[in-house]
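Input: a single structure, listed below in structure tokens.
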Amino acid sequence: MQKMALALAALVGLGACDALMQPSEPTHRYVIELDAMGAGAGDAAVMQEQLAATEAVISRRIEIAGGRVHAYTRQTGGRMVLETSGIESAAFAELVGVAAQLAIRPVDESADFLDLESGIAPPGSEVLQSRDGSGPVAVKRIGGINGRHIIFAAAGLDPMTNDPVINISLDEEGGRRFAQLSSQNIGKRFAIVIDDEVVSAPIIREPILGGALQISGGFPYEEAEQLAIMLQAGALPVPVKFLEVEVIE
């Protein structure tokens, strides 16, 4: 028994040593710059506000994706330095390279097809392109809701088609506005718009209550996961670009 206990203790000790010897995740340092015009070029106070808002959104996206932010430093001229781990640089670029501005807006059914092809929309509407390349869509500028009402977003599979979708839950105000929007537009289309691109434009068959909706856009599951992370974390206040990236041992 004593020999067995010693053997077990030795195995436990070896396991602990192996755990200690496992290589730690590399830390990446990124230098990022905000779009100067979008961040209020020349106004230091506005620039600092946009840097703080961008930091918050990027941090949420990284954390939701399973990574960690170790350090964040604001610099002059709309630049920031982040040190993160748990996410490869390619994945980080995908998470941060998209603004993910969501809008749910009524489709303007009065638009003429030939006008749309020429980029002309009826007054009060604008022409946006479809994500799937099916052609332009006229969407109304007012009367919809935006992504600030999202409290939860996750990728999933449509139980009927097994296609990847994004399931979204809205806050109380967003749910109420979406219920009103859907109730007033039975039989009409509304556009799901992400970064000025129409992802889908389904017909409203019945009032949509409870603040839950589903986005389908023919995207692969991995892209649905990425979009869900961005939508839940919130949209970037202004575009950003990468200047430098390095791995810190």
>> Starting from Leu157 and following side-chain heavy-atom contacts under 4.5 Å between hydrophobic residues (I, L, V, M, F, W, Y), which residues can be reached?
In response: Tyr221
> Considering residues at least two apart in sequence or located in another chain, which fulfil the side chain to side chain contact (heavy atoms under 4.5 Å, CB included) criterion with Ser125?
Replying inline: Asp108, Ala121, Pro122, Lys140
>> Rounded at 0.5 Å granularity, tell me how far CD1 in Ile151 sits from CG in Leu231.
In response: 13.5 Å
>> Working to the nearest 0.5 angstrom, can you tell me the gap between Ile150 CD1 and Ile166 CD1?
In response: 9.0 Å
> Looking only at atom types and distance, does a side-chain atom of Ser130 sit under 3.5 Å from a main-chain N or O of Gly135, one as donor and one as acceptor?
Replying inline: yes
> Do Phe190 and Ile145 have side-chain heavy atoms sitting under 4.5 Å apart?
Replying inline: no
> Do the non-hydrogen side-chain atoms of Arg68 and Ile62 ever get within less than 4.5 Å of each other?
Replying inline: no
>> Filter on salt bridge (charged side-chain N to carboxylate O under 4.0 Å, His left out), then keep only pairs touching residues 72-85, sequence neighbours left out; what's left?
In response: Arg29-Glu83, Glu33-Arg79, Glu55-Arg74
> By salt bridge (charged side-chain N to carboxylate O under 4.0 Å, His left out), which residues pair with Glu63, not counting sequence neighbours?
Replying inline: none
> From Ile168 CD1 over to Leu170 CG, what is the distance, rounded to the nearest 0.5 angstrom?
Replying inline: 7.0 Å
>> Holding to side chain to side chain contact (heavy atoms under 4.5 Å, CB included), I want the full list of residues that pass it with Thr54, two or more places apart in sequence or in another chain.
In response: Leu34, Ile58, Met80, Leu236, Pro237, Val238, Val240
> When rounded to the nearest 0.5 angstrom, what distance separates CG in Leu102 from CZ in Arg148?
Replying inline: 12.5 Å
> Looking at Val139 and Ala191, what are the two nearest heavy atoms and their distance?
Replying inline: CG1-CB, 3.6 Å
> Which residues pass the side-chain hydrogen bond (donor to acceptor under 3.5 Å, both in side chains) test with Arg61, sequence neighbours left out?
Replying inline: none
> Between Phe178 and His149, is any pair of side-chain heavy atoms under 4.5 Å apart?
Replying inline: no
> For Pro220, which residues count as a side chain to side chain contact (heavy atoms under 4.5 Å, CB included) partner, sequence neighbours excluded?
Replying inline: Glu222, Glu223
What donor-acceptor contacts under 3.5 angstrom involve side-chain atoms of residues 198-215, with partners at least two apart or in another chain?
| unit_1 | atom_1 | unit_2 | atom_2 | d |
| --- | --- | --- | --- | --- |
| Ser200 | OG | Ser216 | O | 3.3 |
| Gln214 | NE2 | Asn167 | OD1 | 3.1 |

> Rounded to the nearest 0.5 Å, how far does CD of Glu88 lie from NE2 of His28?
Replying inline: 5.0 Å
>> For a quick test of reading the model, state the closest non-hydrogen atom pair linking Ala228 to Ala153 and the distance between them.
In response: O-CB, 3.5 Å
> Should Tyr72 and Leu95 be counted in the same cluster of Ile, Leu, Val, Met, Phe, Trp and Tyr side chains packed under 4.5 Å apart?
Replying inline: yes
>> Suppose the criterion is salt bridge (charged side-chain N to carboxylate O under 4.0 Å, His left out): which pairs have a residue in residues 175-201, not counting sequence neighbours?
In response: Glu109-Arg189
>> Please give me the minimum heavy-atom distance between Leu181 and Gly143, naming the atom from each residue.
In response: CD1-O, 3.4 Å
>> Please say yes or no: joined through hydrophobic side-chain contacts below 4.5 Å, possibly via intermediate residues, are Val127 and Ile104 part of one cluster?
In response: no
> What are the two closest heavy atoms between Val81 and Gln75, and how far apart are they?
Replying inline: CG2-NE2, 3.4 Å
> Same cluster or not: are Val96 and Val31 linked, directly or through other Ile, Leu, Val, Met, Phe, Trp or Tyr residues, by side-chain heavy atoms under 4.5 angstrom apart?
Replying inline: no
> Which value, rounded to the nearest 0.5 Å, describes the distance between Glu94 atom CD and Ile229 atom CD1?
Replying inline: 10.0 Å
>> Test of understanding: with side chain to side chain contact (heavy atoms under 4.5 Å, CB included), list the residues that count as partners of Asp163, not counting sequence neighbours.
In response: Thr161
>> Restricting to side-chain hydrogen bond (donor to acceptor under 3.5 Å, both in side chains), what partner residues turn up for Asp132, sequence neighbours left out?
In response: Ser134
> Looking at Pro136 and Gln129, what are the two nearest heavy atoms and their distance?
Replying inline: CB-NE2, 3.7 Å
> Can you check side chain to side chain contact (heavy atoms under 4.5 Å, CB included) on Val98 and Gln226, steps first, answer last?
Replying inline: CA-CA 10 Å; Val98 177; Gln226 290 281 359; over 6 Å; no
> Do you reckon Met230 sits in the same ILVMFWY cluster as Val57, going by side-chain contacts under 4.5 Å, direct or chained?
Replying inline: no
> In chain order, what residues pass the ring-ring contact (aromatic ring centres under 6.0 Å, His included) check against Phe242, with sequence neighbours excluded?
Replying inline: Phe92
